[in-house]
Amino acid sequence: MTDAWANAMVSRIALAIYVPPEGGKTVHTNRPFHGFVLNSDTSVKDYIFSDGRVLHTCEYDFFYLPKGSSYRVKSISGSGCWAINFDADVQDEPFVMHFRNHEPMVKIFRTAARDWRAQNGLQQPAVRRAVYDLICQMLAERQRPYAPNSRREIIEPAIAKLGTDFTENELTVGTLSSLCGISEAYFRRLFSSEYGMSPREYLISLRIGYARQLLESGQFPVSEVARLCGYSEPSHFTREFTRRVGVSPGQYRKVQI
């Protein structure tokens, strides 16, 4: 997001609404208004723009869709959201934010949708006020960086899980983020900030390290090493190992024994 939002003037509200899971278009061409959106507690969606960019959004994520943009919506799970469409003298790229406390955001969107439904002659100023409130919330959130220790504490449950159960075949980012009580998108951002790699790459590094130990022991065939490291398909394990070690598991085993 740009600093231009601090001086944005909202001139018109086009819509303020809650979009249920079964509602909303999946393809948008030359969007006629700016849009602020807040996902529901179950909504996970990708917004795939015409220029190839992808906006990944998860539960309670807040995001901006620019006026004039074209994109399609891919629903991963759920799809309910609150949305406000408006005109304003601002230009920015699509962005997504995860608020540490999403309750104020939910309240603002719900109140805006209620005020818009009323159609009592006050809906324009009432919902414009909501847009300004959202702008204040997002600018304030951007100015509140997390301290490194706080980040580490938030994702510590996931690190502990990875340390003990990295060989579980069904271990997913969704499982890890749930342990931390945060959305997948926010978990990925915190994890990458702390460890310099994605959760998936971290998981693979643990598995490959363990695979090296098993192969060096000479006690197990490659297929068994794959299973013990959490891979249901030996071919998948071989590809991952070769990409990171430079030789296949079979070649590595021969050299070490």
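All heavy atoms count here, side chains included; hydrogens, waters and symmetry mates do not.
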So, taking the atom named [atom1] in [X] and the one named [atom2] in [Y], what distance separates them when rounded to the nearest 0.5 Å?
X: K25; Y: R72; atom1: NZ; atom2: CZ; value: 15.5 Å
X: I17; Y: C81; atom1: CD1; atom2: SG; value: 9.5 Å
X: E240; Y: S235; atom1: CD; atom2: OG; value: 10.5 Å
X: K74; Y: T26; atom1: NZ; atom2: OG1; value: 13.0 Å
X: H102; Y: F62; atom1: NE2; atom2: CZ; value: 14.5 Å
X: W116; Y: T111; atom1: CH2; atom2: OG1; value: 15.5 Å

Do [X] and [Y] come close enough that some side-chain heavy atom pair is under 4.5 Å?
X: I154; Y: Y186; value: yes
X: F191; Y: S198; value: no
X: R244; Y: E201; value: yes
X: F99; Y: M138; value: yes
X: F241; Y: R212; value: yes
X: M97; Y: F63; value: no
X: C180; Y: P157; value: yes
X: L38; Y: V106; value: yes

Only counting residues at least two apart or in another chain, list the ones meeting side chain to side chain donor-acceptor pair (under 3.5 Å) with [X].
X: E224; answer: R227
X: R188; answer: none
X: E170; answer: none
X: W82; answer: none

Of all heavy-atom pairs between [X] and [Y], which one has the smallest distance, and what is that distance?
X: P104; Y: Q137; result: CB-NE2, 4.1 Å
X: S43; Y: G80; result: CB-O, 3.3 Å
X: N169; Y: S232; result: ND2-N, 3.3 Å
X: Y132; Y: A8; result: CE2-O, 3.5 Å

Any chain of hydrophobic side-chain contacts (each under 4.5 Å) joining [X] to [Y]?
X: I76; Y: V73; value: no
X: V37; Y: V10; value: no
X: I84; Y: V90; value: yes
X: V96; Y: M1; value: no
X: V27; Y: L65; value: no

For the side chain of [X] and the backbone of [Y], is there at least one donor-acceptor N/O pair under 3.5 Å apart?
X: S177; Y: G174; answer: yes
X: R117; Y: A16; answer: no
X: S192; Y: R189; answer: no
X: Q124; Y: G121; answer: no
X: S193; Y: L190; answer: no

ask   = Among all residues two or more places apart in sequence or in another chain, which pass the salt bridge (Lys or Arg N to Asp or Glu O under 4.0 Å) test with K161?
value = D165, E168
task = Among Ile, Leu, Val, Met, Phe, Trp and Tyr joined by side-chain contacts under 4.5 Å, find the other residues sharing a cluster with I48 and list them by chain and number.
result = V54
query = Does F33 sit in a hydrophobic cluster with other residues, and if so which ones, taking ILVMFWY side chains as linked at heavy-atom separations under 4.5 Å, directly or through other members?
reply =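 F33 clusters with nothing; isolated.
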message = Please enumerate all residues that pass side-chain contact (heavy atoms from CB on, under 4.5 Å) together with T175, with sequence neighbours excluded.
response = L171, T172
request  = Would you please name every residue forming a side-chain contact (heavy atoms from CB on, under 4.5 Å) with T2, sequence neighbours left out?
outcome  =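 Residues passing side-chain contact (heavy atoms from CB on, under 4.5 Å) with T2: A4, W5, D92.
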Modelled atom types, side-chain donor and acceptor of Q119 and Q123, under 3.5 Å =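 Q119 vs Q123: donor-acceptor pair found between side chains.
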request  = State whether a side-chain donor-acceptor pair under 3.5 Å links Y47 with K45.
outcome  = yes
query = Could you go step by step and tell me if L228 and T167 meet the side-chain contact (heavy atoms from CB on, under 4.5 Å) rule?
reply = CA-CA 7 Å; L228 291 172; T167 60; over 6 Å; no
remark   = Y231 meets the ring-ring contact (aromatic ring centres under 6.0 Å, His included) criterion, sequence neighbours left out, with H236, F237
query = Residues two or more places apart in sequence or in another chain: which of them pass ring-ring contact (aromatic ring centres under 6.0 Å, His included) with F166?
reply = Y210
ask   = Which is it for V131 and I13 under the side-chain contact (heavy atoms from CB on, under 4.5 Å) test, yes or no, and what are the steps along the way?
value = CA-CA 9 Å; V131 173; I13 302 298; 3.8 Å; yes
task = Kindly indicate, with the supporting measurements, whether the criterion side-chain contact (heavy atoms from CB on, under 4.5 Å) is fulfilled by I159 and E194.
result = CA-CA 11 Å; I159 300 302; E194 280 299 296; over 6 Å; no
ask   = Are F109 and Y18 close enough that their ring centres sit under 6.0 Å apart?
value = no
request  = Return each pair, listed once, that meets side-chain hydrogen bond (donor to acceptor under 3.5 Å, both in side chains) where at least one residue sits in residues 52-71; pairs must be two or more places apart or across chains.
outcome  = R31-Y71, H34-Y64, N39-T57, D46-H56, D51-R53, R53-E93, D61-H98, K67-D87
